[in-house]
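Notes follow the structure.
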There are 2 protein chains.
Amino acid sequence: MITLEGINRIFQVGDQQVHALDDISLTIQPGEYLSLMGPSGSGKSTLLNILGLLDKPTSGRYLLEGREVTSLSDDEQASVRGEKIGFVFQFFHLVPRMSAFENVELPLVLAGMAPSVRRERVHVILEQLGLMDRAHHRPDQLSGGQRQRIAIARATIMKPSLLLADEPTGNLDSRSGTDVVEVLEQLNAGGITLVVVTHDGQVGKRAGRRLRMVDGAIVKDERG
Amino acid sequence: MITLEGINRIFQVGDQQVHALDDISLTIQPGEYLSLMGPSGSGKSTLLNILGLLDKPTSGRYLLEGREVTSLSDDEQASVRGEKIGFVFQFFHLVPRMSAFENVELPLVLAGMAPSVRRERVHVILEQLGLMDRAHHRPDQLSGGQRQRIAIARATIMKPSLLLADEPTGNLDSRSGTDVVEVLEQLNAGGITLVVVTHDGQVGKRAGRRLRMVDGAIVKDERG
Ligand SMILES: Nc1ncnc2c1ncn2[C@@H]1O[C@H](COP(=O)(O)OP(=O)(O)OP(=O)(O)O)[C@@H](O)[C@H]1O
Ligand SMILES: Nc1ncnc2c1ncn2[C@@H]1O[C@H](COP(=O)(O)OP(=O)(O)OP(=O)(O)O)[C@@H](O)[C@H]1O
Ligand SMILES: [Mg+2]
Ligand SMILES: [Mg+2]
């Protein structure tokens with residue numbers, strides 16, 4: 001489903017270079033469930049952004065479902081992203097002027113789904129994440145963990161074939177965190193390829209395959 | 001040092017009311033070290049914002065070092081805040097156009113400290129938090145955990161008499177998280193009153209006094 005070959009990502013800051021991803025090669029099968037852990041600054045979000053077509057590598061190749069996506073135009077990348085990829089951002093990126101409900105509904109609106117069908121699907125996910133009574137709040141009227149769960153609802157509502165979650169439980173108590181992980185795992189059980197970046201060892205060890213990154217490289221890749 | 005009496009905070013959202021803080025009374029002695037835990041949405045950030053003079057209660061009284069601060073004007077509140085309170089925000093609120101170094105230095109600039117003295121103090125805290133090699137990056141050029149640590153450096157650099165930290169380790173691996181907690185505890189050992197909101201039980205149990213909130217009320221308050 002995913003092949004990364006010799007992926008490097010170098011950031012330029014003034015006259016300094018940051019080698020955020022260092023010659024990463026990785027293959028992910030359809031339907032796999034991976035966790036990715038590692039120290040702050042080790043390159044986890046950068047790797048996820050490359051996988052999610054939110055960023056381009058400095059060198060190397062990325063094949064998504066057999067198609068070389070590294071060389072696509074921005075519009076083509078956006079189109080592949082919209083169809084196939086759900087992304088839970090480390091800092092959510094909710095639309096400030098829309099309600100929680102509208103934020104979650106947005107991908108379905110963009111996909112041209114009928115209003116009554118959309119409403120039903122939004123209700124289901126808000127119910128699962130305990131957010132129904134906050135549906136009409138805007139993001140600034142929500143707690144940190146409520147915003148995090150809205151971001152998760154939005155990323156998952158289209159049942160994308162690839163779901164990338166960057167620290168989805170970082171602002172959640174253990175009970176809400178477990179609810180979230182169960183929602184993600186349900187989707188994976190339905191066939192969605194799932195990559196979860198986390199600092200929480202309890203979350204990380206639930207994955208079928210566990211990666212560890214240090215200084216831009218994958219230093220550990222274990223299954224079972 | 002702090003007395004809260006019958007504090008309520010009610011938010012209005014359309015025609016719905018959210019009773020975020022429900023009749024809270026609390027006394028905190030100078031130099032105490034408290035943790036505050038509880039489910040997502042239970043009112044922890046709201047309570048911290050009241051303590052930090054970033055928000056006013058709907059009813060009730062707040063005495064800070066014997067002075068009734070609930071009825072101060074916005075300017076007076078800002079002045080007390082600047083002098084006495086350091087706040088680590090759940091979502092950092094760094095200045096986007098300033099470097100990490102400048103963000104941390106800002107409170108010292110506002111306090112009129114000389115440049116060479118400022119530079120020295122910023123170096124010390126950046127060193128302690130492992131951020132010296134990211135000093136010239138802007139917030140958008142930092143990882144999530146690096147931003148979190150910059151927010152902590154900024155909040156603590158003036159050695160305020162009251163330090164409020166809202167989920168200071170939520171985006172950190174366990175090693176960086178421990179570094180951060182040790183920095184906060186060092187300040188407390190030096191006499192600073194410290195309140196830490198956290199979802200991490202390992203962090204919460206280190207405090208001398210541990211509070212638990214549910215649905216806007218303090219349901220547990222234990223010491224030792
Ligand atoms: N836009 C950028 N410009 C320059 N450097 C960057 C940029 N984005 C990230 N970096 C640097 O690249 C490295 C990897 O960042 P990344 O955000 O991938 O880390 P991370 O593993 O997600 O960390 P965390 O656990 O703290 O979220 C960091 O050292 C960071 O400072
Ligand atoms: N500006 C606001 N307007 C309306 N409701 C709000 C506002 N801010 C917070 N709330 C509501 O008040 C309640 C308490 O929010 P608060 O941010 O204090 O929770 P929290 O305990 O910090 O949660 P978390 O652990 O998720 O950060 C939540 O249910 C939230 O939806
Ligand atoms: Mg990150
Ligand atoms: Mg909060």
Side-chain angles (χ1 to χ4, degrees), chain A residues 11-16 18 20 37-46 48-49 89-92 99-100 129-131 133-150 166-167 169-177 179-180 197-202 204 212-214, chain B residues 11-16 18 20 37-46 48-49 89-92 99-100 129-131 133-150 166-167 169-177 179-180 197-202 204 212-214:
Chain A
F11 292 111
Q12 193 73 37
V13 180
D15 56 4
Q16 187 200 355
V18 179
M37 299 189 67
S40 174
S42 56
K44 306 177 299 296
S45 294
T46 303
L48 229 59
N49 288 339
F89 296 92
Q90 191 166 359
F91 299 110
F92 324 150
S99 70
L129 293 170
L131 292 166
D133 59 353
R134 293 289 177 268
H136 302 298
H137 287 227
R138 290 186 319 268
D140 65 297
Q141 297 170 319
L142 294 173
S143 79
Q146 290 165 346
R147 283 177 220 171
Q148 187 152 37
R149 283 175 279 158
I150 292 299
D166 199 345
E167 306 209 25
T169 64
N171 282 283
L172 298 174
D173 57 283
S174 57
R175 169 97 187 276
S176 322
D179 291 346
V180 158
V197 167
T198 184
H199 282 306
D200 186 340
Q202 296 302 318
R212 178 165 178 80
M213 274 183 83
V214 177
Chain B
F11 292 110
Q12 192 74 37
V13 180
D15 55 4
Q16 187 198 354
V18 179
M37 298 188 67
S40 174
S42 56
K44 306 177 300 295
S45 294
T46 304
L48 229 58
N49 288 338
F89 296 92
Q90 189 166 1
F91 299 109
F92 325 150
S99 70
L129 292 170
L131 292 165
D133 61 352
R134 292 290 178 270
H136 302 298
H137 287 228
R138 290 186 320 270
D140 65 297
Q141 297 169 319
L142 295 172
S143 79
Q146 289 165 346
R147 282 177 220 170
Q148 186 151 38
R149 282 174 280 159
I150 293 300
D166 200 344
E167 309 210 24
T169 64
N171 282 284
L172 297 174
D173 57 284
S174 56
R175 169 100 185 275
S176 323
D179 292 346
V180 158
V197 168
T198 185
H199 280 308
D200 186 340
Q202 297 302 318
R212 179 169 178 79
M213 276 184 83
V214 176

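Here is the naming used below: chain letters follow the sequence lines, and residue numbers restart at 1 for every chain.
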Segment of B/Ser40 engaging chain A (4.5 angstrom heavy-atom cut-off): both
Examine whether an atom of A/Ser176 lies under 4.5 Å from a heavy atom of chain B, and if so say whether it belongs to the side chain, the backbone or both; otherwise answer neither. side chain
Measure distances from A/Arg149 to the heavy atoms of chain B and classify the residue's part below 4.5 Å as side chain, backbone, both or neither. side chain
Can you tell which part of B/Phe91 gets under 4.5 Å to a heavy atom of chain A, answering side chain, backbone, both or neither? side chain
Any donor-acceptor pair under 3.5 Å linking the side-chain atoms of A/Thr46 with those of A/Asn49? no
Check the side chains of A/Glu167 and A/Thr198 for a donor-acceptor pair under 3.5 angstrom, ignoring hydrogens and angles. no
So which of A/Gln90, A/Arg175, A/Arg138, A/Lys44 has the biggest tally of heavy-atom pairs under 4.5 Å with chain B? A/Gln90
With side chain to side chain contact (heavy atoms under 4.5 Å, CB included) as the criterion, how do B/Val18 and A/Arg134 come out once you've worked through the C-alpha distance, each side chain's angles and the decisive distance to 0.1 Å? CA-CA 10 Å; B/Val18 179; A/Arg134 293 289 177 268; 3.5 Å; yes
Atom group of A/Gln141 that falls short of 4.5 Å from chain B, counting heavy atoms: side chain
Euclidean distance, A/Gln12 CD relative to A/Asp15 CG, rounded to 0.5 Å: 8.0 Å
Indicate whether any N or O donor in one side chain lies under 3.5 Å from an N or O acceptor in the other, for B/Asp200 and B/Thr169. no
Rounded to the nearest 0.5 Å, how far does CG of A/Leu142 lie from CD1 of A/Ile150? 6.0 Å
Side chain / backbone / both / neither for B/Arg147 at chain A, heavy atoms under 4.5 Å: side chain
Among A/Pro39, A/Ser45, A/Gly130, A/Gly43, single out the residue with the greatest number of heavy-atom pairs under 4.5 Å to chain B. A/Pro39
Determine whether the side chains of A/Gln16 and B/His136 contain a donor N or O and an acceptor N or O closer than 3.5 Å. no
Under 4.5 Å from any heavy atom of chain B - which part of A/Phe89: neither
